[in-house]
Amino acid sequence: TPHSGVVKRRSKSQSYRRSIRTCFGVASGLSLTPALTARRMNICRKAPRSQNITEKVKPEHLALLVKTEWQLSYVTPLYQFRHTQLKTYARQLSAFIAAEKQQGLAVEVGGLQNTFKVSFSVLQGLAETNDDPETVLIQVQSKPMFARQEDPPKTVWSGWLSCINGNPEYLQSLPKDFTCLPLFCSKGAEGLSSLVKSWLQRTFDCCFGPLDINQTTLQWLAALWTNCHMETNIQKLKMIWTLPVVPPLQVTYTVDSDDALELWRSTRESSAEKSRGAEDEVCIDFSEVTRFMQGLMSHFYRHFRVDLSAGELNQVSSALGSAKLNGKIKQISDQHLQPAHRMCPPENAHL
Amino acid sequence: MDNLAKHLLQRLMRRIPASMLKSTLDKWGRLTAEKRKSLDFTQSKWTITQELVALYVTENPNQGMWHTFQLLDPEDDAHSVELMQFKEQFKSHLSELKRNVSVKIKKHTDEAVWIRVAWGDGLSRPNHLKATYVVHYLQTPYVFVNALSSKNKPLLLQALTLSTKHQQIKAANLSGQKLTALRDLLMRQYQQVFPTKYPSPLPEKLRIEKVQAEASASRHRMAGETFGDGMLPALQSAFFQLETKFKDPTNEAMTQRDEPFICSVKFSSSNLLESLRHCASSGIASTPVTPLLSSIPLKGRNYFVITDNVPTA
């Protein structure tokens, strides 16, 4: 039976936050590097938790984050970053961009007459625990020199630094002067992205690295989004594969959400270990994710006798969002309840 | 031609003075002398604009979305319908069914009959900028249609059925952007009518190279037999709506379900048949190729609904 899809206003905001956390949490968590923790994080994740989270994130802030495709990177802890100095940082970054432009660095946006104005702000409410530093939003606005006064400046670049559900032990173990905001999401001209990263690197002595979403992450998202269908109508689970033939063949496999959920549930029931945490949390094992994916692929094989594992899973999407192999994520939101997921320990962000 | 381009063309035409229209088009050099001669510059600018758009569409048949229909139950004299008769009959039947339509029919050198239908309603004249295009090869059962609204669909199909002396017409479940690909896919089954234009598959041009293993050679052979050898029509997508039960011996819970597992699969490629052939020859698709996939070239379809009762619908 289809979900009724009726959502109350309050749960909307809960869902935005949870949605965002799942999406970005999974992506950042699973794609960060080293081996030991990689193995650990790939094996088990805490399942969605149904809590009553009060509305903490302002609607206008949420509107900035959702329904947009973000490019993901990870960043090492920032040295001497103060949430109280945001106005100063905005001035400094503006000056930096202007200086770089003077030196003839192409910024790709607008003509030489454009002035850039930078703003730093805090997006409150995304951080889940007391240990998580608050999310910082950076926006670059541009206004041509000869524009009229009343013309509003256009936002040409935005990015945000975030720590979603970091490991409290790790966060507390960091030396005092370090702030951990390991997830960096950006949208806008590549030139401006480079400038912003460059400024952050030299100002806070940090390093950036690409956060590529890989096959494992995509499979997790497929399973986790399907899992969310218990509380929120994800409408459909859509997966896109590419097969390495000439010319390349794209396979878009879309599964009805109710049927996907039944398949997911059936793979979980047959799972040998089901650990239950103290707070009624259920741990999802990666082997369950694998079994779920194998179920989907075997149904496909039964009909087409084509082995999807010979190809590459490129994209996964549902009503809650989409994620692509090249590190781009979109959180669609205005959908419903979605529980939070724990992000992987940010200690992996150390280079 | 998309709406923006049409709009731009209209505006351009409005701005060019009527006296300069012919010389401008000559200078533009995009139309052949023959095409330019076919334009009647004594007509209104509006009419000329419409003709330019029509020219564009016929020159660029691989745009927009073409849907295929199949004529069924031919009457005894269906095979002897020739062009003049078809033209007269189609125009007369369609105007009986709907007032205020404008029909232009022309046969191209490749034997394709192009029909352009401009629909008007009670208040306005027929608009050739938003015309429906139909391509039909006489004495074949297939009709390709572009830009037909659901309102006008029954009228057009009726007129086609009557004028070709058939009793029924149905959707052939084959759609795509490239008219030539759809046509080539279907005409491969019609070689007896067009022996010179659509020769039978080139024999053994397949490059087997250094295939040692028998299995590999067998795969290549089966791939060629299923999809064809040599160049294949550039079909770009195939869509399967699956409503079959989930059967997996390792998953009892799902296998015991009564309800079907609802999902859909879309295959896309710049040349789908070549991709599928390569899947078969490389082993990504097990051979013999499943009827679901082989139905695409064999039945000339790219839309399927698969249920448990009809395995290859």
For this session: Classify the angle between the aromatic ring planes of B/Phe267 and A/Phe300 as parallel (below 30°), tilted (30 to 60°) or perpendicular (above 60°).
Result: tilted
Problem set entry | A/Glu69 bridged to A/Lys324 by N-O distance under 4.0 Å | yes
Exercise. Among side-chain atoms of A/Asn227 and A/Trp264, is any donor-acceptor pair under 3.5 angstrom?
Worked result: yes
For this session: Give me the ring orientation class for B/Phe240 and A/Phe304: parallel if the planes are under 30° apart, tilted from 30 to 60°, perpendicular past 60°.
Result: perpendicular
Exercise. In terms of heavy-atom pairs under 4.5 Å, which option from B/Glu259, B/Glu274, B/Arg257 contacts chain A the most?
Worked result: B/Arg257
For this session: Please flag which part of A/Pro247 lies under 4.5 Å from any non-hydrogen atom of chain B: side chain, backbone, both or neither.
Result: both
Problem set entry | Donor-acceptor pair between B/Asn251 and A/Thr267 side chains, under 3.5 angstrom | no
Exercise. Looking at B/Ser264, B/Ala253, B/Ser281, B/Ser237, which one has more heavy-atom pairs under 4.5 Å with chain A than the rest?
Worked result: B/Ser264
Exercise. Between the side chains of B/Tyr142 and B/Arg183, is a donor N or O closer than 3.5 angstrom to an acceptor N or O?
Worked result: no
For this session: Give, as side chain, backbone, both or neither, the part of B/Leu293 having an atom under 4.5 angstrom from any heavy atom of chain A.
Result: side chain
Problem set entry | Gap separating the CG atom of B/Asn173 from the NZ atom of B/Lys299, nearest 0.5 angstrom | 10.5 Å
Problem set entry | Contact winner vs chain B - A/Thr242, A/Ile240, A/Leu243, A/Val246, heavy-atom pairs under 4.5 Å | A/Val246
Exercise. Who among B/Ser269, B/Ser275, B/Cys279 has the most heavy-atom pairs with chain A under 4.5 Å?
Worked result: B/Ser275
For this session: Against chain B, work out which of A/Leu296, A/Asp256, A/Asp259, A/Val306 has the most heavy-atom pairs shorter than 4.5 Å and name it.
Result: A/Asp259
Exercise. Which bit of A/Leu263 comes within less than 4.5 Å of chain B, counting heavy atoms only: side chain, backbone, both or neither?
Worked result: both
Seminar exercise, completed: Most contact-rich option vs chain A, by heavy-atom pairs under 4.5 angstrom, among B/Ser286, B/Ala285, B/Ala280, is B/Ser286
For this session: Examine whether an atom of B/Thr244 lies under 4.5 Å from a heavy atom of chain A, and if so say whether it belongs to the side chain, the backbone or both; otherwise answer neither.
Result: both
Exercise. Which atoms of A/Thr254 come close to chain B, meaning under 4.5 Å heavy atom to heavy atom: side chain ones, backbone ones, both, or neither?
Worked result: both
Exercise. Between B/Asp248 and A/Arg291, is there a salt bridge with N-O shorter than 4.0 Å?
Worked result: no
